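Only one structure is covered here, and it is reproduced in the block below.
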Protein chains: 2
Amino acid sequence: MQTQKIAIAIVDDHTLFRQGLAHLLTESNEIEVIFDAGDGAEMIRKLPMQPLPDVILMDITMPVMDGYESTRWIKQNYPQIKVLALSMFEEDVPIINMLKSGAGGYMLKQAKAADLINAIKTIEKQTFFINDLVSGKLLNNIQNNLPVKTAKIQVSANELKFLELCCSDLTYKEIADMMNLSPFTINNYREALFEKFETKSRTGLVISALKSDLIKL
Amino acid sequence: MQTQKIAIAIVDDHTLFRQGLAHLLTESNEIEVIFDAGDGAEMIRKLPMQPLPDVILMDITMPVMDGYESTRWIKQNYPQIKVLALSMFEEDVPIINMLKSGAGGYMLKQAKAADLINAIKTIEKQTFFINDLVSGKLLNNIQNNLPVKTAKIQVSANELKFLELCCSDLTYKEIADMMNLSPFTINNYREALFEKFETKSRTGLVISALKSDLIKL
DNA sequence: ATCAAAAAGGGTAGAATTGCCTTTTTATCA
DNA sequence: TGATAAAAAGGCAATTCTACCCTTTTTGAT
């Protein structure tokens with residue numbers, strides 16, 4: 001009667017979301033959730049223990065091994081498995097980066113169940129599922145040719161500590177005292193970081209470091 | 001045989017999460033999801049249209065009307081309804097603030113379904129559900145007596161624009177040019193904001209403004 | 001209409017930051 | 001062990017930022 005169900009896996013660190021979504025999808029009778037995992041490492045462990053899924057629903061923010069890494073790993077080791085990113089972020093960067101990592105589509109958690117099921121069916125058949133959200137970002141990306149800084153800037157342990165201390169009212173002299181280093185050395189760190197982050201002021205440096213996820217608020 | 005089911009509502013802007021969770025909870029046979037909503041305003045609209053829920057599961061980050069506001073509204077208008085916060089944030093501030101807003105408990109989306117059901121049953125009977133996560137934060141809060149800045153700092157439209165432009169390499173003179181204002185006026189904004197945010201440097205100001213959610217990266 | 005308060009505009013001395021150099025110390029390894 | 005590269009320390013002029021002054025204009029409330 002019905003064609004073979006689509007076998008999927010769900011990778012997301014929110015247990016409630018994972019389990020709830022599994023129920024929701026199972027009910028459609030077109031999809032079978034064969035396993036779920038709380039991060040990429042768990043996914044890698046569980047993957048060989050059953051028939052391979054056709055599609056993996058992949059969150060981005062996860063402990064241990066995030067969605068970007070996990071997607072790259074899938075594409076490296078099981079290129080036939082389709083990855084559909086499923087995240088709450090609507091910004092350019094995560095969307096473009098998930099696609100660059102190998103995801104064939106990107107859905108928001110704000111979506112409706114019917115849309116998600118449709119996306120899963122499309123991606124299973126066509127390898128790609130391009131909705132308005134994704135096509136808009138893709139266009140945007142081509143037109144503005146955003147470099148999409150994949151190469152994250154390398155900083156030493158001391159530079160990182162300095163960056164963290166920069167997020168404050170402390171003067172460089174005070175930072176030098178706190179790090180038990182000469183103000184001149186601190187000045188070297190500053191100059192090195194200004195160059196790495198292509199910035200010209202302490203504020204710009206802090207903002208860049210925050211944006212590149214090297215430090216957090 | 002079984003006692004009356006617990007009537008709950010789910011308020012969360014992630015449709016997939018909301019619907020999935022509803023399925024999951026309904027399956028337990030102890031809970032009935034009577035409605036769900038994507039933000040606080042929708043919740044307020046739907047609330048009078050059916051018997052009142054015993055418990056509302058409340059997300060924090062939502063458009064239009066967030067979890068804090070929605071919880072305060074519930075406690076103001078229907079104090080008998082219990083609110084269980086359900087969020088992905090593990091930090092002190094959101095937890096303490098949700099409790100201050102009137103939530104009787106706080107669960108992580110990373111939790112297991114059985115734990116959530118247990119929390120719902122507890123909060124329905126006892127008005128409060130205190131788990132290790134919450135009790136730890138409460139203790140922490142009392143011991144450190146964090147002021148928990150509830151009063152968010154008021155800034156004018158111009159000050160806000162100035163704050164946003166501050167998150168860059170721009171000098172104050174350049175910011176003045178961009179805003180078509182005298183550098184002296186810009187200096188007034190700076191001084192006023194330094195005082196409001198109790199800070200002594202541009203970097204400190206930007207960090208404070210980011211932390212208080214007045215500006216975003 | 002009038003007063004008080006807030007916003008806008010102005011100036012300057014002194015402190016901190018920034019950019020561009022050199023020299024010394026430390027670590028590595030061939 | 002000597003060469004060499006990297007990290008740390010040092011110096012300094014120019015610019016920018018910060019802290020205190022002040023006056024004028026606009027706004028809001030009574």
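Throughout, a chain's letter reflects where its sequence line sits, starting with A, and its residues are numbered from 1. None of the values given here were measured: they were computed from a predicted structure.
Residue B/Ser182 places at least one side-chain N or O under 4.0 Å from the OP1 or OP2 atom of C/dG10. Remark: B/Tyr189 is in phosphate contact with C/dA8, judged by side-chain N or O atoms under 4.0 Å from OP1 or OP2. Considering only side-chain N and O atoms, A/Thr185 lies under 4.0 angstrom from the phosphate OP1 or OP2 of D/dA9.
Remark: B/Asp132 CG is loosely packed, at most 12 non-hydrogen atoms of other residues, nucleotides or ligands lying under 6.0 Å away. Around atom NZ of A/Lys200, no more than 12 heavy atoms belonging to other residues, nucleotides or ligands sit under 6.0 Å away.
Atom pair B/Glu191:CD and C/dA8:C1' shows a separation of 13 Å (rounding to whole Å applied). Look at CZ on A/Phe194: it is 12 Å from C1' on D/dT16, rounded to the nearest Å. Put simply, CZ on B/Phe184 is 11 Å from P on C/dG9, counting in whole angstrom units. Between the CD atom of B/Glu195 and the P atom of D/dT18 there is a distance of 15 Å, given to the nearest Å. Atoms CE (A/Met179) and P (D/dA8) sit 8 Å apart, rounded to a whole Å. Look at CD1 on A/Ile186: it is 17 Å from C1' on C/dG19, rounded to the nearest Å. Taking atom NZ of residue A/Lys196 and atom P of nucleotide D/dA6, one finds them 12 Å apart after rounding to whole Å. When the C1' atom of D/dG10 is taken as reference, atom OH of A/Tyr172 falls 18 Å away, rounded to whole Å.
Contacts of A/Lys173 with the nucleic acid, taken as non-hydrogen atoms under 4.0 Å apart, are absent. A/Ser201 comes within contact range of the sugar-phosphate backbone alone, with a heavy-atom separation under 4.0 Å but no base atom that close. The residue B/Asn158 sits close only to the backbone: its heavy atoms come under 4.0 Å of sugar-phosphate atoms, none of a base.
Considering all non-hydrogen atoms of both residues, A/Ser201 and B/Asp169 come closest at OG-OD1, 2.8 Å. Shortest non-hydrogen contact noted between A/Pro63 and A/Asp13 is CD-CB, 3.6 Å. When every heavy atom of A/Lys109 is checked against every heavy atom of A/His14, the shortest pair comes out as NZ-ND1, 3.8 Å.
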Inset, instruction - Please assess B/Ser168 against B/Glu174 for the test side-chain contact (heavy atoms from CB on, under 4.5 Å), listing each intermediate value before the final yes or no. - result: CA-CA 11 Å; B/Ser168 68; B/Glu174 289 168 328; over 6 Å; no
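You'll find a donor-acceptor pair under 3.5 Å spanning the side chain of A/Asn188 and the base of D/dA9, going by distance alone. In terms of polar N and O atoms assigned as donor or acceptor, the side chain of A/Arg202 never comes within less than 3.5 Å of the base of C/dA16 in a complementary pairing.
The terminal axes of the helix from C/dA1-D/dT30 to C/dA30-D/dT1, fitted over 5 pairs per end, subtend an angle of 50° to the nearest 10°.
Between the side chains of A/Tyr172 and A/Asn187, no donor-acceptor pair is found at a separation under 3.5 Å.
Each of D/dA9, C/dT18, D/dA19 was ranked by its minimum atom distance to the side chain of B/Asn187; first place goes to D/dA19.
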